[in-house]
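Structure record follows, encoded as structure tokens.
Letters go in sequence order (proteins before strands), and every chain restarts at 1. Only this structure's heavy atoms are used, side chains among them; waters, hydrogens and symmetry mates stay out. Given the structure is predicted, the values throughout are model-derived calculations rather than measurements.
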Amino acid sequence: MSDPITPKLDFIREIISADLASGKHATTITRFPPEPNGYLHIGHAKAICLNFGIAAENAATGAKCHLRFDDTNPEKEESEYVESIKADVKWLGFDWGSDLYFASDYFTFFHDCAVHLIKQGKAYVEQQSAEEMRTNRGNLTTLGTPSPFRDRPEEESLDLFARMKAGEFKEGDCVLRAKIDLTSPNMNLRDPVLYRIMHAEHHNTGNAWCIYPLYDFAHPLEDALEHITHSLCTLEFENHRPLYDWFIDNCPVPSKPRQIEFARLGLTYTVMSKRKLLQLVQEGHVSGWNDPRLPTLSGLRRRGYPPEAVVHFCKRVGITKFSGTTDVALLEFDVRDFLNTSAPRRMAVLDPVKVVLENWSTEPHASVEVPNHPQNPEAGNRDIPISHEVWIEREDFMEIPEKKFHRLGPDRHVRLKGGHIIRCTGFEKDADGNITIIRAEILPGTI
RNA sequence: AGCCUCAUAGUGUAAUGGUAACACCGCAGAUUUUGAUUCUGUUAUUCAAGGUUCGAGCCCUUGUGAGGCUACCA
């Protein structure tokens, strides 16, 4: 492809190479952690290229990128999505090697961390309703007020939590909450929920659990468990970072990953919301997740977009903290650019009109030879059959040509691609004035 | 309204405190057996106001604008 893209480091790569240089980390381990609740789209490609790209660039130090399914919510996740996500990451050209993980494989560890927090007096079982909790959490301008259960004895919470796990409660009866700060201006710190009860079957763990951890609690633990050095996520998690760090600091974790946020990809004229894409699929407005009109990776693939173009686009867009909207023309350029150098050429006539070559027999050819690629002789040639009748695009003929029209018209000359120069000698129209046949003669010796 | 973050051509992204640039898009022209490609030329940029400095896109202050946060989603 044309420009190799300046090797300039974005702010995240800047941080990583500084950590490598200072010796803070001997290598770098990143991860791409999708929730298997839908198909991947062009926005995910940006995160995939970032995480796997960083691993590839630092391969000499042993850097890796994990593929981890963040499957902590059994109600929304399915195995079909797991498989599609793997296929899409591979399609883009990335390889997680043996580093394939599922957050659900860590459920025991999450549970043990929760027990640890309770014992430390840093978590408690909440028995207010969801509505009461919401009310008592306050809002953007008013402080939260403590739950009556906030200072219950640790033993009591321990017992209640064990009974939650044992399935003694209905969904919504109680949750486990972290004890942090109800007066924090950061809502995420107002005693967030760690565990909720869900009597649902999980695509991976089946019915082994009926309590499931929430993202804010599980994610930092997942990262730490896998020794992720740099946990890259999108901007909306910026306010969650203090919470991320709180769990890392207060749980018995084997490493201390760092969360760094970057802007997600926004594209003009493009629906990128997973919720809306799901709706389009479920309500049958599209033929499926791989409908070519969708910006899903499988849709782009079916549309004929080369993965190389998508990757190149992601590199060109770069990584910043500015949440803008990229003109889809930038993506389309990369697609055309890649296709232009790689695609063998073929012709098609979409709206045909017959052209009769009246003096054909004067210089007959069964076929003509044309190159497969105009700029690349190595692509070879192919034969196109030709006879006294050929078909041209209806819009390539004008009875009364306008100023800048360079195509066929009465008494005009034009070259048949791969063939002769021909001259239009006449044409016929039907009752409605539509051209039905164009007559022409070949100019001998012009092939 | 509180907190967090961000702000460079139309779009995206660069510029150790020292000449504001690259790509896409647009426009004009040349070449062309794809009105493609290629080539040439070209329009247009530091949100605002102060401050520090010999010198500010960059540092400081204030303002403005934009995004995010009030799930038992991720």
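- No hydrogens or angles considered: nothing links the side chains of A/S323 and A/R264 as a donor-acceptor pair under 3.5 Å.
- Within the structure, every side-chain polar atom (N or O) of A/R346 is placed at least 4.0 Å from both OP1 and OP2 of B/A36.
- A/E236 and A/T234 form a side-chain donor-acceptor contact under 3.5 Å, judged by distance and modelled atom types alone.
- A straight line from CG of A/N139 to P of B/U70 spans 12 Å, rounded to a whole angstrom.
- The nucleotide whose nearest atom lies closest to any side-chain atom of A/T326 is, among B/A36, B/G12, B/U5, B/G12.
- Between A/Y244 atom OH and B/C69 atom P the separation is 20 Å, expressed in whole Å.
- A salt bridge links A/D334 with A/R316: the distance from a Lys NZ or Arg NE/NH1/NH2 to an Asp or Glu carboxylate oxygen falls below 4.0 Å.
- Contact check, A/R177 against B/A71: no side-chain N or O comes under 4.0 Å of OP1 or OP2.
- Rounded to an integer number of Å, the gap from A/E238 CD to B/U5 C1' is 4 Å.
- With rounding to whole Å, A/N136 atom CG is found 16 Å from B/A71 atom C1'.
- Across the protein-nucleic acid pair, A/E261 atom CD and B/G67 atom P stand 19 Å apart, rounded to whole Å.
- Of the C1' atoms belonging to B/U62 and B/A71, the separation is 36 Å, rounded to the nearest Å.
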